[in-house]
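In each ligand, atom 1 is the first atom listed, and ligand 1 is the first ligand listed. Heavy atoms only: backbone and side chains are in, while hydrogens, waters and symmetry mates are out.
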Amino acid sequence: MCNNCASRTMAPRWWLPILCLAGSVLHGRAQLDSRGFINIDCGLQGEESYVDDETKLVYASDAGFTDTGTPYNISAENFRPWRSRNVRSLRSFPDGARNCYTLRSLVSGLKYLFRATFLYGNYDGLNKPPASFDLYIGVNFWTVVNMSWWGSDQDNKAEVEAIIVVPYDLVQVCLVNTGGGTPFISGLELRPLKMSLYPQATAELGLFMRSRRNFAAINETIIRFPDDPYDRLWYPRSDATMWTERSTTERVDGFDSGSFEAPVAVLQTAITPLNASGSINFGWDTEPQPNNPSPGYLAVFYFAELQVLDGNASRQFYINLNDELWHNRAVKPEYLSRINLYNEFPSPRQNHYDISIKATANSTLPPIINAYEVFSVITTTNVGTESHYASAAMAIKAKYKVHKNWMGDPCFPKTMTWDSLNCSYATASPPRITSICRSR
Ligand SMILES: *[C@@H]1O[C@H](CO)[C@@H](O)[C@H](O)[C@H]1NC(C)=O
Ligand SMILES: *[C@@H]1O[C@H](CO)[C@@H](O)[C@H](O)[C@H]1NC(C)=O
Ligand SMILES: *[C@@H]1O[C@H](CO)[C@@H](O)[C@H](O)[C@H]1NC(C)=O
Ligand SMILES: *[C@@H]1O[C@H](CO)[C@@H](O)[C@H](O)[C@H]1NC(C)=O
Ligand SMILES: *[C@@H]1O[C@H](CO)[C@@H](O)[C@H](O)[C@H]1NC(C)=O
Ligand SMILES: *[C@@H]1O[C@H](CO)[C@@H](O)[C@H](O)[C@H]1NC(C)=O
Ligand SMILES: *[C@@H]1O[C@H](CO)[C@@H](O)[C@H](O)[C@H]1NC(C)=O
């Protein structure tokens with residue numbers, strides 16, 4: 001609360017410098033590269049930036065994105081030369097309930113992919129990764145980061161991704177300490193997406209990635225930038241004991257004006273059943289979160305015919321979800337041309353999702369599938385402080401003494417409102433700062 005406001009009516013005098021500052025402080029150094037990507041290697045020290053071996057993208061240190069926390073390197077015994085450089089260092093946040101990275105120069109109303117990476121690597125020498133902490137995009141809950149989901153082995157890397165329509169040109173990614181150990185982060189990446197992609201992601205709903213798989217991946221490699229201009233991570237899913245793996249070297253049409261696009265390399269490989277009369281089966285378990293105990297899922301399937309079908313041969317199939325027909329039209333992929341099947345609204349909630357792809361009665365060939373993605377839904381209806389006011393408050397913070405809890409959104413949630421700030425909360429509009437006063 002604001003201690004000495006009553007005696008001093010500072011508010012009117014303070015507003016002027018606040019509003020003038022907003023313009024100058026925020027147009028500081030550019031954070032985006034020429035593609036609109038942001039690549040942050042958290043805790044990087046000693047050098048400002050480097051070119052990543054695999055993607056050839058430039059990764060920069062987190063200086064200028066956050067003003068709290070302590071940089072660390074993972075311990076020497078956890079160093080693995082084959083791992084991306086991004087996870088060698090990290091930033092840890094022992095102080096404060098909420099600590100944030102501020103991403104600027106976004107375009108309000110556009111769609112972005114956010115990815116955060118975590119690798120504990122015994123950076124603190126305690127051999128005890130945090131049990132869990134929360135991650136927010138702006139004022140909306142993104143996910144719990146529970147290191148044990150990625151194995152109890154402290155060496156395991158966690159990667160979380162979300163597709164979000166951003167409300168303002170400035171977005172904060174915040175780590176919230178929920179009593180489960182010190183939050184930390186190794187990498188943070190932002191990629192702009194075409195608005196037409198992933199139509200299920202709207203101003204009210206974001207997509208939280210559960211899995212993204214490329215069947216029969218050549219050499220079991222992850223496909224990403226530059227093969228994928230959006231730099232999504234297409235994880236391999238290969239198993240020659242379960243499926244017949246198929247591939248082509250012909251170009252498969254993967255990018256167009258549609259709602260879903262996939263790299264050519266992803267669409268060039270596919271699986272069919274081992275038995276000509278068999279079906280393709282795979283699935284996933286529900287991954288409940290404390291604030292979302294039974295999430296619904298959105299799935300996107302990618303199909304392309306990789307064989308020239310001669311004469312009367314035909315390949316047509318149905319998709320079943322938990323033994324019920326998922327789409328009532330048979331799928332008939334054309335040679336080297338991508339088609340997608342997806343659900344517009346989250347699936348009915350269940351504990352397990354079994355997908356079974358079966359040929360139609362008149363099909364002469366077994367079914368085929370090239371790739372899939374599964375998302376759960378994040379509601380993005382919490383509204384942060386109105387952007388002019390938020391920018392002004394950040395400018396004040398940059399210019400003057402930083403109060404200990406001046407982190408994240410100034411007014412939201414109410415329990416984390418910045419010290420020495422008063423906010424108004426009208427029902428139909430974003431919170432506004434009504435006054436700022438000096439506390440000493
Ligand atoms: C801010 O709110 C506190 C508590 O409600 C009040 O005492 C104070 O006068 C307010 N400050 C300003 C500048 O309005
Ligand atoms: C991490 O290692 C690099 C390279 O050895 C070094 O320059 C940097 O200072 C280290 N960072 C910390 C926080 O110790
Ligand atoms: C983390 O996940 C594990 C395994 O699902 C679970 O047992 C544990 O309770 C979770 N921890 C927290 C703090 O949510
Ligand atoms: C896969 O690995 C083999 C053997 O290492 C190599 O010759 C081939 O070029 C690789 N293929 C691709 C597409 O990377
Ligand atoms: C393939 O079909 C044969 C004969 O119908 C059957 O014995 C075998 O178990 C099937 N294999 C698989 C993997 O389904
Ligand atoms: C296709 O089917 C028709 C009618 O059953 C048959 O006459 C024809 O020979 C078939 N063609 C081929 C290439 O199998
Ligand atoms: C084969 O069956 C599917 C659905 O069962 C139907 O849509 C399609 O028209 C049929 N194709 C032929 C050539 O009869």
Side-chain angles (χ1 to χ4, degrees), residues 39-56 58-95 99 101 117-130 154-155 157 175 181-188 212-229 231-240 243-254 262-271 302 304 306 336 370-371:
N39 307 313
I40 306 175
D41 186 338
C42 306
L44 182 69
Q45 278 193 318
E47 59 184 320
E48 281 253 299
S49 64
Y50 60 85
V51 175
D52 179 64
D53 287 342
E54 192 195 342
T55 59
K56 310 295 178 211
V58 176
Y59 281 72
S61 84
D62 53 8
F65 293 94
T66 186
D67 47 23
T68 54
T70 314
Y72 284 95
N73 287 330
I74 61 168
S75 70
E77 74 269 16
N78 282 284
F79 177 81
R80 305 282 180 279
W82 43 264
R83 236 174 357 216
S84 75
R85 203 161 151 186
N86 206 3
V87 297
R88 289 182 200 168
S89 65
L90 56 93
R91 184 172 290 271
S92 149
F93 297 97
D95 299 320
N99 287 276
Y101 280 76
T117 307
F118 308 87
L119 186 126
Y120 169 68
N122 196 21
Y123 75 86
D124 52 4
L126 300 174
N127 265 312
K128 194 172 178 284
Q154 50 140 302
D155 192 28
K157 176 164 98 171
L175 293 90
T182 300
F184 74 92
I185 183 167
S186 308
L188 184 61
R212 178 181 294 118
R213 295 291 179 163
N214 172 23
F215 282 114
I218 308 264
N219 290 354
E220 304 257 336
T221 49
I222 294 176
I223 291 172
R224 60 178 299 183
F225 189 85
D227 293 312
D228 186 343
D231 193 33
R232 291 162 294 181
L233 304 182
W234 297 84
Y235 295 93
R237 180 142 188 201
S238 308
D239 188 345
W243 301 306
T244 304
E245 307 201 333
R246 305 202 175 265
S247 66
T248 180
T249 52
E250 298 292 325
R251 191 181 165 81
V252 184
D253 163 32
V264 172
V266 167
L267 297 176
Q268 279 175 326
T269 61
I271 54 164
Y302 295 78
L306 304 184
L336 305 184
N370 307 59

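For atom 2 (O) of ligand 4, a protein heavy-atom neighbour is found at a distance under 4.0 Å. Atom 5 (O) of ligand 2 is not flagged as protein-proximal [any protein heavy atom, distance under 4.0 Å]. Atom 14 (O) of ligand 4 is flagged as protein-proximal [any protein heavy atom, distance under 4.0 Å].
No hydrogens or angles considered: nothing links the side chains of Tyr302 and Asn214 as a donor-acceptor pair under 3.5 Å. Between Glu250 and Thr248, the side chains place no donor N or O within less than 3.5 Å of an acceptor N or O (distance only, hydrogens not considered). For the residue pair Thr117 / Asn86, no side-chain donor-acceptor distance below 3.5 Å is found, with atom types taken as modelled. A donor and an acceptor atom, one from each side chain of Tyr72 and Asp124, are nowhere located under 3.5 Å apart. Side-chain polar atoms of Thr68 and Asn99 form a donor-acceptor pair below 3.5 angstrom.
Under a 4.0 angstrom heavy-atom cut-off, Pro71 registers as being in contact with ligand 2.
Atom 10 (C) of ligand 4 has its nearest heavy-atom neighbour, among Ile218, Asn219, Thr249, Thr269, in Asn219.
Between Tyr50 and Tyr59, the two ring planes are parallel [angle under 30°; tilted spans 30° to 60°].
For ligand 2, the atoms closer than 4.0 angstrom to any heavy atom of Asn73 are 1 (C), 2 (O), 3 (C), 8 (C), 10 (C), 11 (N), 12 (C), 14 (O).
The nearest protein atom to atom 7 (O) of ligand 2, hydrogens excluded, is given as Gln45 O, 3.8 Å; this is a heavy-atom distance.
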